[in-house]
Amino acid sequence: MDQGSIARILKQVSGRDEIQQLQKALLDYLDENTETDASLVFSRKFYIAQWFRDTTMETEKAIKSQKDEDSSERTHHAKDVETTGQIMHRAESRKKFLRSIIKTAPSQFSTLKMNSDTVDYEDACLIVRYLASMRPFAQSFDIYLTQ
């Protein structure tokens, strides 16, 4: 991964969460180029739906694992509650971001964009690879290969 390009994109896109910044940059690119390739409309909707689903699944897994740990260890209960609260807050902020993107009409979305120079085709490919590498299957791929 080209960390320099990722850092450059993150500086150009506003936001607190790195993942949200990259998602916004990719959605901006897809929205900008829908006039030249109609399939990008589908791609944009697919990514939004997939990220929403991933956020929901990540939250459910984290809460389930903390409940399992909580049933085996009662001493760290206060710490678990704080961690669960952080997980829920992060998930809700990501869902709120995705809902705001869904509710925004494409014509309105283009007015929210910053420069069209922010992301080009190569940067969009890099963002997709980077975000895909964060998915559970990509992170456990080495384990599957060694088995």
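Residues take their numbers from the sequence shown, with the count starting at 1.
Taken together through direct or relayed side-chain contacts under 4.5 Å among Ile, Leu, Val, Met, Phe, Trp and Tyr, F97 and M88 form parts of separate hydrophobic clusters. One hydrophobic cluster, built from ILVMFWY side chains closer than 4.5 Å, holds both F52 and I48.
Counting only heavy atoms from C-beta outward, the side chains of L98 and K95 never approach each other to under 4.5 Å. A heavy-atom distance below 4.5 Å is found between the side chains of R53 and M57. Two residues are said to be in side-chain contact when any heavy atoms from C-beta on lie closer than 4.5 Å; W51 and L131 meet this criterion. You'll find the side chain of D28 stays beyond 4.5 Å of the side chain of V119, heavy atoms only. Q23 has its side chain out of reach of I127: every pair of non-hydrogen atoms, C-beta onward, lies at least 4.5 Å apart.
The line from CG of D37 to CZ of F42 is 12.5 Å long, rounded to the nearest 0.5 Å. Note: I6 CD1 to R129 CZ = 8.5 Å, rounded to the nearest 0.5 Å. Between the OG atom in S65 and the CD atom in E60 there is a gap of 12.0 Å [rounded to 0.5 Å]. Note: R44 CZ to I102 CD1 = 9.0 Å, rounded to the nearest 0.5 Å. Separating the CG atom in L10 from the CG atom in L22 is a distance of 4.5 Å, to the nearest 0.5 Å. Within the model, atoms CG of N33 and OG of S43 stand 11.0 Å from one another, a figure rounded to the nearest 0.5 Å.
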Next item on the list: Start with the C-alpha gap between Y47 and V128, add the side-chain angles, then the distance that decides, and say whether side-chain contact (heavy atoms from CB on, under 4.5 Å) holds.
Entry: CA-CA 10 Å; Y47 278 125; V128 169; 3.5 Å; yes
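Considering every non-hydrogen atom in both V13 and A25, the closest pair reads CG2-CB, 3.7 Å. Annotation for S5 and L126: closest pair CB-CD2, 3.4 Å, computed over non-hydrogen atoms.
For the residue pair E18/Y130, the side-chain donor-acceptor check at 3.5 Å is satisfied.
E58 places no side-chain N or O within 3.5 Å of a backbone atom of A91 that could act as its donor or acceptor partner. A distance-only check finds no donor-acceptor pair linking the side chain of D31 to the backbone of L27 [under 3.5 Å].
Between R8 and D123 there is a salt bridge, since at least one side-chain N of the basic residue sits less than 4.0 Å from a carboxylate O of the acidic one.
For the side chain to side chain contact (heavy atoms under 4.5 Å, CB included) test with R94, the passing option among T55, T59, D54, T56 is T55; the others fail.
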